[in-house]
Amino acid sequence: MSILVFTILIWLGSIAAGFLGSLTGLGGGIVIVPLLTIVFGVDIRYAIGASLVSVIATSSGAAAAYVKEGFSNIRIGMFLEIATTVGALVGAFLALRLPTPIIAVIFGLVLLHSAYVSSRPRNENLCLDRPDPLATILKMNGTYPTPEGLEAYNVCSVPSGFSFMFIAGIASGLLGIGSGTVKVLAMDQAMRLPFKVSTATSNFMIGVTAAASAGIYLNKGYIDPGLTMPVMLGVLLGSSLGARHLFGAETKKLRAIFGVVIFILAIEMIYSGLKGGLLK
């Protein structure tokens, strides 16, 4: 296979990954790494490096739109970013020292969790109790736009959310993903924010988290421009197409299909890792 054909195939695969990731809210990184390693035979550390750059690019575009519309809570995002950034640096440090089969198995387990989360129905569980004192001190309680006008919300369990974010950061630095599932889960279930505020704030955060660990991969030479460029351009285009089709798509059916795809990729990643197939 020529370099040109290889590049075009990666670009097309990245468009599909970005499209699926955007429609389901899980991001393209969760598909890109197994796609590059299993289908194209790319070393998992180079795949993670390319995925991190694509996460930064897609997060920058989506975050600007959500901030402008008033869904993102910048105060919550910046506070929780302290934990995710430290976690991302720890994750990148581990990724450069762990054997690739172990990283593949961990990635497979994270994919299984993502498949479960994507197929599970969501219920709004807003913070109707007294807000967390720390949230009040840091002025995290806010409002978000609804068809009836701005609606106020409180923030609960800030320390729990902060702890979850450290785990999300480790997953991002170790596996090259945005960790959107963990971040949304922490804000949605632990801090009990409105779901749209959780997803918008998560989009704002994942780019900053990815940038922290991407610097380490760049320093170690695991970000290859020839691989990263088609991945980044493909995921960007796919995400834009997904966002345009989001309102007309049958989300429940899409989540079910995406859950099956993720489950198959998870099994393949775990199997490859266990048999040492990803060792270079």
Side-chain angles (χ1 to χ4, degrees), residues 10-11 13-18 20-22 25-40 42-63 77 80-81 83-98 100 102-104 106-108 110-111 114 165-184 202-239 265 269 278 280:
I10 285 182
W11 180 66
S14 301
I15 292 175
L20 281 171
S22 173
L26 296 180
I30 202 81
V31 181
I32 279 295
V33 176
L35 178 76
L36 292 178
T37 52
I38 295 172
V39 178
F40 295 104
V42 175
D43 183 287
I44 195 167
R45 291 193 178 93
Y46 285 94
I48 291 172
S51 175
L52 284 171
V53 175
S54 73
V55 167
I56 296 169
T58 50
S59 169
S60 303
L80 297 179
E81 197 55 51
T84 55
T85 300
V86 174
L89 294 174
V90 173
F93 178 82
L94 291 174
L96 298 178
R97 284 156 181 80
L98 289 175
T100 50
I102 292 179
I103 298 175
I106 295 173
F107 202 111
V110 171
L111 284 176
S114 298
M165 289 302 161
F166 179 68
I167 298 170
I170 292 177
S172 178
L174 180 63
L175 308 174
I177 59 177
S179 295
T181 51
V182 182
K183 288 174 180 169
V184 171
S202 170
N203 261 302
F204 168 75
M205 294 173 63
I206 58 177
V208 182
T209 309
S213 49
I216 295 178
Y217 283 87
L218 180 66
N219 184 47
K220 296 294 182 182
Y222 287 119
I223 294 182
D224 180 358
L227 175 67
T228 303
M229 190 58 72
V231 168
M232 184 185 72
L233 295 177
V235 172
L236 263 177
L237 178 58
S239 300
L265 289 173
M269 286 293 282
L278 294 175
K280 299 293 177 186

Measure across [X] and [Y] and return the closest heavy-atom pair with its distance rounded to 0.1 Å.
| X | Y | value |
| --- | --- | --- |
| V55 | A210 | CG1-CB, 3.7 Å |
| L35 | S14 | CD2-N, 4.3 Å |
| L98 | I103 | O-CD1, 3.8 Å |

Any chance you could measure [X], atom [atom1], to [Y], atom [atom2], to the nearest 0.5 Å?
| X | Y | atom1 | atom2 | value |
| --- | --- | --- | --- | --- |
| D43 | D224 | CG | CG | 11.0 Å |
| Y217 | I223 | OH | CD1 | 9.5 Å |
| S213 | I48 | OG | CD1 | 9.5 Å |
| L227 | F40 | CG | CZ | 10.0 Å |
| I216 | L89 | CD1 | CG | 5.0 Å |

Open item on the list: Restricting to ring-ring contact (aromatic ring centres under 6.0 Å, His included), what partner residues turn up for Y222, sequence neighbours left out?
Closed with: Y46
TODO: State, with a plain yes or no, whether a side-chain heavy atom of V231 is found less than 4.5 Å away from one of V53.
DONE: no
Open item on the list: Quick check: do S172 and L52 have side-chain heavy atoms less than 4.5 Å from each other?
Closed with: yes
TODO: Would you check if the side chain of S51 reaches a backbone N or O of A47 as a donor-acceptor pair within less than 3.5 Å?
DONE: no
- [ ] Would you mind telling me which of I38, I32, L36 makes a side chain to side chain contact (heavy atoms under 4.5 Å, CB included) with P34?
- [x] I38
- [ ] Give me the one residue out of I102, L174, I106 that meets side chain to side chain contact (heavy atoms under 4.5 Å, CB included) with L94.
- [x] L174
Task: Partners meeting side-chain contact (heavy atoms from CB on, under 4.5 Å) with A83 (sequence neighbours left out) - done: F162, M165, F166
Open item on the list: Evaluate E81 against T84 for side chain to side chain contact (heavy atoms under 4.5 Å, CB included), listing each step before the verdict.
Closed with: CA-CA 5 Å; E81 197 55 51; T84 55; 2.7 Å; yes
Task: Worked verdict on L237 versus L233 for side chain to side chain contact (heavy atoms under 4.5 Å, CB included) - done: CA-CA 6 Å; L237 178 58; L233 295 177; over 6 Å; no
